[in-house]
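What follows is a set of notes on a single structure, which appears directly below.
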Protein chains: 2
Amino acid sequence: MRPFKKYCNGSYDFLNAESRSRSIEHVARTGRPREFDREQTLERALELFWSRGYGATSIQDLVDALAVERGSLYGAFGDKRRFYLEAVRLYWEVYERHLTTALDTSPLLPALREILTHPVRLDELISDVGVPQGCLVGNTTAELVPQDSEATEIVTRSYRRFTDIVAGALRRAQAAGEVTDTHSPEAQAQLLLYIVQGLSLVSRAGLGRPAALAAIDTAVDGLRA
Amino acid sequence: MRPFKKYCNGSYDFLNAESRSRSIEHVARTGRPREFDREQTLERALELFWSRGYGATSIQDLVDALAVERGSLYGAFGDKRRFYLEAVRLYWEVYERHLTTALDTSPLLPALREILTHPVRLDELISDVGVPQGCLVGNTTAELVPQDSEATEIVTRSYRRFTDIVAGALRRAQAAGEVTDTHSPEAQAQLLLYIVQGLSLVSRAGLGRPAALAAIDTAVDGLRA
DNA sequence: CCGACTTCTGTGCGTCCGTTCAAGAAGTAC
DNA sequence: GTACTTCTTGAACGGACGCACAGAAGTCGG
């Protein structure tokens, strides 16, 4: 299985900073030191959850894949649900960082097209088995929302952040005359959320890449002023 | 829990015809007659699978909700997986029938808007617990595709039928000058598939209805010639 | 070296899962 | 009535699940 970083070429500086401060905090504490890297283990668990889903990933699967014993996982992450939700949060942090930097350009539409085609390009990598499928936030939505209130909160916030970021970029692009202002940036951003989530989902069924790209071009051209 | 028919106001003639021929076939057979209505039980199981998902619905849940004992379910539907897949097939048959009749009109765009807003209106009903969430085909995609090859086949065919039907309607509307021909009907239909699936998924998180309607209007206006 | 503290390791617990099966009940065919 | 077929019922099975716990192992301040 490929490492998590393979799927998102975003910066990991904030992760390094986090683990650094965490290890400082760790050295200060007494007791036997942890033998595994918590952040790295979380990333690998994220991959597993991503590719199999929450319910279909058993603790035993995690123990086998992470080479960390049961009790250690429970000690470091709490129960399975907390473990999963922390992985989802990490996933979104990375994605949001990627999204923010990618859309901070002018002209906007090429970057937007890049963002939208991301799931398709991810899909291209899926010749191996056990490779992540779709968007983890979308998968979580399908599996746990709205039954699990904490998952619902994470998912809702993620969607909200997506539309906020995209709407902000669209607002600037509207002002620059690049994007049509026949509809509000918020409505356009909401539509783009649907498109990227729908694309992530439908792409699992392995439809052809040309059809997906044609559909995305249709959407992007619809935004053009 | 509301009956399945509540969620799809389409015609059930084909279902009646099916159960009629099935019961004729049944009378011809010897042995003890089945004490429950197979089609009705399948519909109720469909509701349960729809609201909880495949993995989260246990055989015990089905036994309790359907008032049919384990052995009878296994005798009538085979194992859990076959039961679920048959429910998904039924779901799509009903939806496709609804889609076909709804889009056989002119002008097309109001009907298309109706189709797209369907998940939102479904979402409005969700004040009760245990009410269907999203689109069952989409849920199946998230949970079983591509691991389960038979589920993948059903899902892929359903998506293909959707784009075929919608592309046909768009082609007619393009010829009538109602829909823009800057992009092919196939690309437009593929985009609409993404939108409706994304909307079904995201709506689970219970975002506001006005935002969803604004996004749909943006999409529909983008198709206008 | 020592006691306090944390993590590691492996075993085991109770529960629920999907599935099977045997025995009885309820029909049809002749 | 008898043989045959199918459905119903309820118990039981093996396995996997999430999770808890006791003891060993390692690190600290003193």
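We name chains A, B, ... by the order of the sequence lines, and we start the count at 1 in each one.
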[X] [atom1] to [N] [atom2]: how many Å, rounded?
X: B:F83; N: C:dT19; atom1: CZ; atom2: P; result: 12 Å
X: B:D37; N: D:dC7; atom1: CG; atom2: P; result: 14 Å
X: B:R82; N: C:dG18; atom1: CZ; atom2: P; result: 17 Å
X: B:L62; N: C:dC16; atom1: CG; atom2: P; result: 17 Å
X: B:R32; N: C:dT28; atom1: CZ; atom2: P; result: 12 Å
X: B:R81; N: C:dT19; atom1: CZ; atom2: P; result: 10 Å
X: B:E35; N: D:dT6; atom1: CD; atom2: C1'; result: 11 Å
X: A:Q60; N: D:dA16; atom1: CD; atom2: C1'; result: 10 Å

Exercise. With a 4.0 Å cut-off on heavy atoms, is A:F36 in touch with a base, just the backbone sugar-phosphate, or nothing at all?
Worked result: sugar-phosphate
For this session: Identify whether any heavy atom of A:I59 sits under 4.0 Å from a base atom; if not, whether one sits that close to sugar-phosphate; answer base, sugar-phosphate or nothing.
Result: sugar-phosphate
For this session: Please name the pair of heavy atoms, one in B:L66 and one in B:A45, separated by the smallest distance, quoted to 0.1 Å.
Result: CD2-N, 3.7 Å
Seminar exercise, completed: Smallest heavy-atom separation, B:V155 atom then A:A205 atom, equals CG1-CB, 4.1 Å
Exercise. If you check every side-chain atom of B:T30, which of D:dC17, D:dT8, C:dG27 has the closest atom?
Worked result: C:dG27
Seminar exercise, completed: Side-chain contact check for B:K80: nearest option of C:dT19, C:dC8, C:dG24 is C:dT19
Exercise. Is the shortest side-chain N to carboxylate O distance from B:R38 to B:E86 below 4.0 Å?
Worked result: yes
Exercise. Do the charged groups of B:R97 and B:E93 touch, with an N to O distance under 4.0 Å?
Worked result: no
Problem set entry | Nearest-0.5 Å distance, CH2 of residue B:W50 to OH of residue B:Y84 | 11.5 Å
For this session: Give a yes or no on this: more than 12 heavy atoms of other residues, nucleotides or ligands lie within 6.0 Å of atom CZ of B:R160.
Result: no
For this session: Go through the side-chain N and O atoms of B:E143 and B:N139 and say whether any donor and acceptor fall under 3.5 Å apart.
Result: no
For this session: Return the residues of residues 65-77 of chain A meeting this criterion: a heavy atom under 4.0 Å from some atom of DNA chain D. Order them by number, or give none.
Result: A:R70, A:Y74
